Each structure stands twice: as structure tokens, then as C-alpha cells.
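Throughout, protein chains are lettered first and strands after them, A, B, ... in sequence-line order, and every chain is numbered starting at 1. If you're wondering where the values come from, they're calculated on a predicted model, not measured in any experiment.
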Number of protein chains: 2
Amino acid sequence: MPQKDDFSLQDFTPYLLNQAAEESSLAFQRVYKNRYGMLRTEWRVLFHLGTYGEMTATDICTKARIHKTKISRAVQKLVERRFVVRARSDEDRRVEKLKLTPAGDTAYRDLRAVAEEYDAKLRAQFTSGEVALLRMMLKRLAGLESAE
Amino acid sequence: MPQKDDFSLQDFTPYLLNQAAEESSLAFQRVYKNRYGMLRTEWRVLFHLGTYGEMTATDICTKARIHKTKISRAVQKLVERRFVVRARSDEDRRVEKLKLTPAGDTAYRDLRAVAEEYDAKLRAQFTSGEVALLRMMLKRLAGLESAE
DNA sequence: GCTTGTTAGTTACAAAAACAACTATTACCA
DNA sequence: TGGTAATAGTTGTTTTTGTAACTAACAAGC
């Protein structure tokens, strides 16, 4: 008869983080999925280009910590849908600079508005001090110390 | 020229939560993957049976919020590896009660020890008050209010 | 110049996940 | 009873992901 340890699965940080991440992503996922037929990597690429401006695929890989094959496929989809255009760089012809089309920018702004409202709703459950602390802790756990 | 909004992707709660969840899961993932060849759903099932004792597949679905087809296949794997045994319930023959074998319990204890140590390392970056607040917030975001 | 190594991005194939349809058993109720 | 609906769990099919191998362009050393 195995005597119980005080280990609690619900308090295991990676597990709890995953539960919170999944649950808190659900409603937003429904929007980009139903409204634009996008996948997770696709909205992330869209948002990177929307918030940071022109970037290369590798820039997005680094910043978003997503593997290059996923980025490659997401970019293809976004280009097909005319949300993104690519342009070979003149200095280095391996590189392609990515940016949003006007249609892509419209989609980005639409989703960004949803994201802002949605995030405000999530934050409303807590005090602003709690939110600040949460962000600090999550950034440290994510390995996003200040820079990057 | 799109004037910048104050939206910050890195502060968008679902995004930040996902980054933290992914990063904080990596090192533990390597252990259950390399040491036991397990997938995410498999260690989760193992841990549910280890920490809560005998459960049915549906119990695990509800508690862990994982789809039943994923549970079904994870259980198959664990049964093949002799970590779990199934027993048809007598009251309701649709139901099967799942529990760990001695080998499964050994694996569970081994991984639990790793998890505890790993979690302690994560928590060590913060004060105990901060950790308590983080847990409270994550549970609320995950929709795990007290019960369940 | 030529070899060797590195980087940007794509493609091919295998593993895993999502989703729908299925079997078997139980519950409800007319 | 008999018929319909609900539940537990599985299986099959399609998407999506992960991994490795690939092409193309540049870079450095000789």
C-alpha cells in the first residue's frame, strides 16, 4: 500500500501552466480559427509581422521560438491567402523579407482588437499588481529576461 | 503608415502563458521521453493513476481535460508496457477501472521524484508568497476554482 | 579559383493529434 | 417488453507536427 507523498499534480508548475495556457487560449483560438481559418502558428506569424513590422522567417523563428518548418508552412498559407508578401533581399539572396499586405494588416488589426479585449477580460479577474507580478514570473519562467 | 498601438504580443496573456508553459515543460519532457519513451498524454495518465489511485478513462478525461481518444491510446501504450492494468467493472460493463502495476508505480515514483526536484528548482526563483499567488492565478485562469 | 562550412528556407516522410464514426452496454420511458 | 437516447471506450481517416534530408546562397581559407 503506497503511502502518499505530498506531491500534488495540480500544483506541478509545468502542468498547471499548461492547463492555464490551454484554457486561456481557447476562446481566442475560436476567433482566429472560425473567422480566418488560421492555425496557431499562422496567427503568431501574422502578429509578429503586425507588431514588429518587416521580418524574415528566421527572425520570427528566433523571436517566437517556433521551428523553421512550422514558420515556413505558416508563411506559405499566409501568402496564399494574400495576407503576407515575400521579397528576396538584395544584400543576401537567401533571405526573404516578409510583410503584411493591406488585407493582412486589416486581419491583424481585427484580431488584435479581439486580443486586447480578451486579454482585458482575463486581467480583470486580478488587481493590476497581481497582473504585473504574473507577467514578471511568466517571463522569467519563459526565459524572456528583459531583452529579446 | 500604421501608427503603433500599445498592444504588446509578449504581454498577451495566452501567448505569454504558452511560452512559459512550453519552456518550463522542456526539461521534464526530456526525462519521461528519454527514460521511458513516453508521450505527454502517457505521463499524465501515469501521474493521474499514481496520485489519485484507481480511475476510469473517463475520470481521467474529466480531471485532466484531455480528449478520450488520446486517453484511449495512451492507456493502450501503458498497458502494452505493463505499467497499467484494466479491469471491467462488474456494476457497469462498459467501464474499465485502470490502475498501476508495480512496474507502473515504480516508474511513477521515479518520475514524481524528478518532477518534485524540477518543480522546486523552478520555484526557487521566487519567494513562497509569489509562488502561492502564481498558483492561485493560474488555477483561476485554468478554471480550476478550488474544487475538481 | 576551389574546397569546406554555415545559413535561409523548403520538402519528404514518419509520428502524433483532431475529428468523426463506430461497437457495446446501460438508462429511460411509453 | 421495445424503442430511443445516452455513456464508455475504440477505431479509422484526415490534419498537423516533428525530424531529417535537401537546395540554394554566402563566407572563409587556402
What is the distance, to the nearest angstrom, from the CG atom on D90(A) to the P atom on dC26(D)? 10 Å
What is the distance, rounded to the nearest whole Å, between atom NZ of K97(A) and atom P of dA25(D)? 17 Å
Give a yes or no on whether a salt bridge exists between R123(B) and D119(B), defined as a side-chain N under 4.0 angstrom from a carboxylate O. yes
Output the single nucleotide from dT16(D), dT6(C), dA24(C) whose closest atom is nearest the side chain of R94(B). dA24(C)
Rounded to whole Å, please give me the gap between CD in Q29(B) and C1' in dA16(C). 13 Å
On DNA chain D, more 5' by nearest nucleotide between H67(A) and D92(A) is H67(A)
In whole Å, I'd like the distance from the NZ atom of K63(B) to the P atom of dA8(D). 17 Å
Heavy atoms under 4.0 Å, any strand shown: does T69(A) hit a base, just sugar-phosphate, or nothing? base
Backbone of S24(B) reached by a side-chain donor or acceptor of Y118(B) within 3.5 Å: yes
Distance-only donor-acceptor test (3.5 Å): side chain R93(B), base dT25(C): no
Checking ring pair (Phe, Tyr, Trp, His ring centres under 6.0 Å) for the pair Y15(B)/F47(A): CA distance, chi angles, key distance, verdict? CA-CA 11 Å; Y15(B) 184 78; F47(A) 269 57; 8.8 Å; no
Any side-chain to backbone donor/acceptor pair from R86(B) onto K97(B)? Under 3.5 Å, distance only. no
Looking only at the side chain of V95(A) (C-beta and beyond, no hydrogens), which of the listed nucleotides dA8(C), dA8(D), dA17(C) gets closest? dA8(C)
Please check if the side chain of T106(A) supplies one atom and the backbone of P102(A) the other of a donor-acceptor pair under 3.5 Å. yes
Would you tell me if any nitrogen or oxygen in the side chain of Q76(A) comes within less than 4.0 Å of OP1 or OP2 on dG9(C)? no
Distance in angstrom units between I71(B) CD1 and dA16(C) P, rounded: 16 Å
To the nearest Å, how far apart are R88(A) CZ and dA8(C) P? 12 Å
Using only heavy-atom distances, decide whether a donor-acceptor pair under 3.5 angstrom links the side-chain of R40(B) to the base of dG18(D). no
Which part of the nucleic acid, if any, lies within reach of R86(A) when heavy atoms closer than 4.0 Å are counted: base, sugar-phosphate only, or nothing? sugar-phosphate
If each of K77(B) and K68(B) is mapped to the nucleotide of DNA chain C with the nearest heavy atom, which maps nearer the 5' terminus, i.e. the 5' end? K77(B)
Are OP1 or OP2 of dG9(C) and a side-chain N or O of T58(A) less than 4.0 angstrom apart? yes
Atom CZ of R73(A) and atom P of dT11(C): how far apart are they, to the nearest Å? 9 Å
Roughly, in whole Å, what's the span from CD in E96(A) to P in dT7(C)? 18 Å
Whether R140(B) side chain and Q125(A) backbone form a donor-acceptor pair below 3.5 Å: yes
Is any side-chain N or O of K33(A) closer than 4.0 Å to OP1 or OP2 of dA18(C)? no
Do any side-chain nitrogens or oxygens of S72(A) fall under 4.0 Å of OP1 or OP2 in dT10(C)? yes
Given dG18(D), is OP1 or OP2 found less than 4.0 Å from the side-chain N or O atoms of K70(A)? yes
